[in-house]
There are 2 protein chains.
Amino acid sequence: MSIPGRNINPTISVDCVIFGFSTNQLKVLLIERSFTDRSGIESKDYKLPGDFISINEDLDLAASRTLEEMTGLRDIFLCQFAVFGKPDRISNPVDMEWLLETTGLEIQRVVTAAYYSLINIGETNTDFAIKNSASWIDVKQIPKLAFDHADIIEQGLIRLQLSLRSEPIGFEMLPEKFTIRDLQILYEAILDCTLDNRNFRKKILKSSYLVQLDEKQTGVAHKPAHYYRFDRYIYEKHKKESLGFNF
Amino acid sequence: MSIPGRNINPTISVDCVIFGFSTNQLKVLLIERSFTDRSGIESKDYKLPGDFISINEDLDLAASRTLEEMTGLRDIFLCQFAVFGKPDRISNPVDMEWLLETTGLEIQRVVTAAYYSLINIGETNTDFAIKNSASWIDVKQIPKLAFDHADIIEQGLIRLQLSLRSEPIGFEMLPEKFTIRDLQILYEAILDCTLDNRNFRKKILKSSYLVQLDEKQTGVAHKPAHYYRFDRYIYEKHKKESLGFNF
DNA sequence: TTAGTTAGCGTATTTTTGACGTTAACTTTG
DNA sequence: CAAAGTTAACGTCAAAAATACGCTAACTAA
């Protein structure tokens, strides 16, 4: 049995895979990272928004905090989906150097709890993200990332796809009012497939928590669609009935 | 942003929810814990098998190690399903005292990665488990547990139920040869429901990885059933076809 | 010999899925 | 202003899956 001691514990962090949706693409919020490589050249790559936790901070709250700092949003869908704890997660010299520079500490090892969250990009409003040059990147065009953050995003996306099939979470990424088509395009982007619009409509409209509004689209070059909204109250009430879709 | 330092990091552990199956019940391996309560009386409760990780130990490997120490078994189905990181996980005086006694260290906080694993109880064979007075407890009769281990088991069971519907993992808990009825009783125990034997048979036998053996039951007071075995090779080959059942 | 048990096959009904046809209602373009 | 292009929103049909349940076979125990 190994003997634990405070001076031999890995550091713990949280990393957030923050998904958003715009211009018909599923996007992830990434932060630019500047570093000097071995040849002394200033270089850039990206990392996930994340932070170390403090000694008395709850993991879930640390994730909420990170999320709020990055997006200015609170009370957001947030789900812990995995821990990444390989001892060599941080073995790249660039990563080690960067950690030393930004924290001022020699960190041997970091175990990170990974969360994913879904937000409506339109509502995002924060200085923090701008200051840290955060940007929304299409999940299909992920650039080179720090640490094992590419793995984390991949696992997060897999988990998001799974959850989408059993829980109505897509709404978190849409504005209050949306059309069935908006929803379908979102599902297609997340599941990375195409869906038949007639069948999609049939299935999704069985959900009692989708409420049709009186309002319709205007100014579109086709028959205007009804707007709908997601009724969280009805969903909570009928949770047991709604056990997902098999697209 | 909080500042990480090695002397302010929580300790990291792994805890294993080890499921097994015997006498038609789903069971969990629990370890007896002796402690002295506030009134000075020697008392007992149970905890999950788990251990602290050492500074260079991979989380998954730490879980495998714990599992092997407890059961003597290697190469076992093992799945990380959550991290438990509330700062007050260890706030009960009994738990704090016990930690101090067994480790000799003042541990402020422990973040634990939870794994579940499925084993065939019959093959278990180890001194370690006996020495640590481990026992198989019916999941429906869980006694008072240390720390937040009751939560961990509950989450583990939920995850097991989910996985069972999409992956052929029940076999891990059965002997090499088993009948369709054995399998059904196992499914019923895990999912906590009853299934129609005719429909269960129809569904499960669609799986190509279930191979009928020539051998039949003997000495049973009814028509003897064929034995089957799970063919892991066939399963791996057809993984994509078999996308689960909806019982 | 009979009663009790589970194995293992089958049938019939309903539900869900998936593919696709069609009209309605709007804008844009020639 | 007519025609073309687009998506909305409804519906049909056949295949597949889920569900409920009947029945005979093959064994043991009493």
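Sequence lines set the chain letters: A, B, ... in the order given, protein chains first and strands last, and positions in each chain run from 1.
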Can you measure B:Leu195 atom CG to D:dA20 atom P for me and round it to whole angstrom units?
11 Å
Which residue pairs pass the salt bridge (Lys or Arg N to Asp or Glu O under 4.0 Å) test when at least one of the two sits in residues 111-124 of chain A, sequence neighbours left out?
none
Run the ring pair (Phe, Tyr, Trp, His ring centres under 6.0 Å) test against A:Tyr115 and tell me which residues pass, sequence neighbours left out.
none
Partner set under side chain to side chain donor-acceptor pair (under 3.5 Å) for A:Lys216, not counting sequence neighbours
none
In whole angstrom, give the distance that lies between atom CZ of A:Phe200 and atom P of D:dT7.
16 Å
Interface polar pairs with nucleotides 9-13 of chain C, N/O, under 3.5 angstrom:
residue : atom : partner  : partner atom : Å
C:dT11  : O4   : B:Lys202 : NZ           : 2.9

Quick check: does any side chain N or O of A:Thr112 sit under 3.5 Å from a backbone N or O of A:Phe84, one acting as donor and the other as acceptor?
no
Between C1' of C:dT6 and CG of B:Leu183, the distance in whole Å:
16 Å
When rounded to whole Å, the OH to P distance for the pair A:Tyr227 and D:dA8 reads 11 Å
B:Arg89: partners by salt bridge (Lys or Arg N to Asp or Glu O under 4.0 Å), with sequence neighbours left out
B:Asp148
Keeping to residues at least two apart or across chains, list the salt bridge (Lys or Arg N to Asp or Glu O under 4.0 Å) pairs with something in residues 124-141 of chain B.
B:Lys140-B:Asp192
Between C:dG8 atom P and B:Leu210 atom CG, what is the distance in whole Å?
12 Å
Could you name each residue pair satisfying salt bridge (Lys or Arg N to Asp or Glu O under 4.0 Å) that touches residues 223-233 of chain B, not counting sequence neighbours?
B:Glu172-B:Arg232, B:Arg229-B:Asp231
Roughly, in whole Å, what's the span from CZ in A:Arg181 to P in D:dT6?
11 Å
Expressed in angstrom and rounded to an integer, what is the separation of A:Ile204 atom CD1 from C:dT16 atom P?
15 Å
What residue pairs, at least two apart or across chains, pass salt bridge (Lys or Arg N to Asp or Glu O under 4.0 Å) with a residue in residues 176-187 of chain B?
B:Lys177-B:Glu215
Report, one pair per line, the protein and nucleotides 26-30 of chain D atoms (nitrogen or oxygen only) whose separation is under 3.5 Å.
residue : atom : partner  : partner atom : Å
D:dA26  : N3   : B:Lys223 : N            : 2.9
D:dC27  : O2   : B:Ala221 : O            : 3.2
D:dC27  : O2   : B:His222 : N            : 3.1

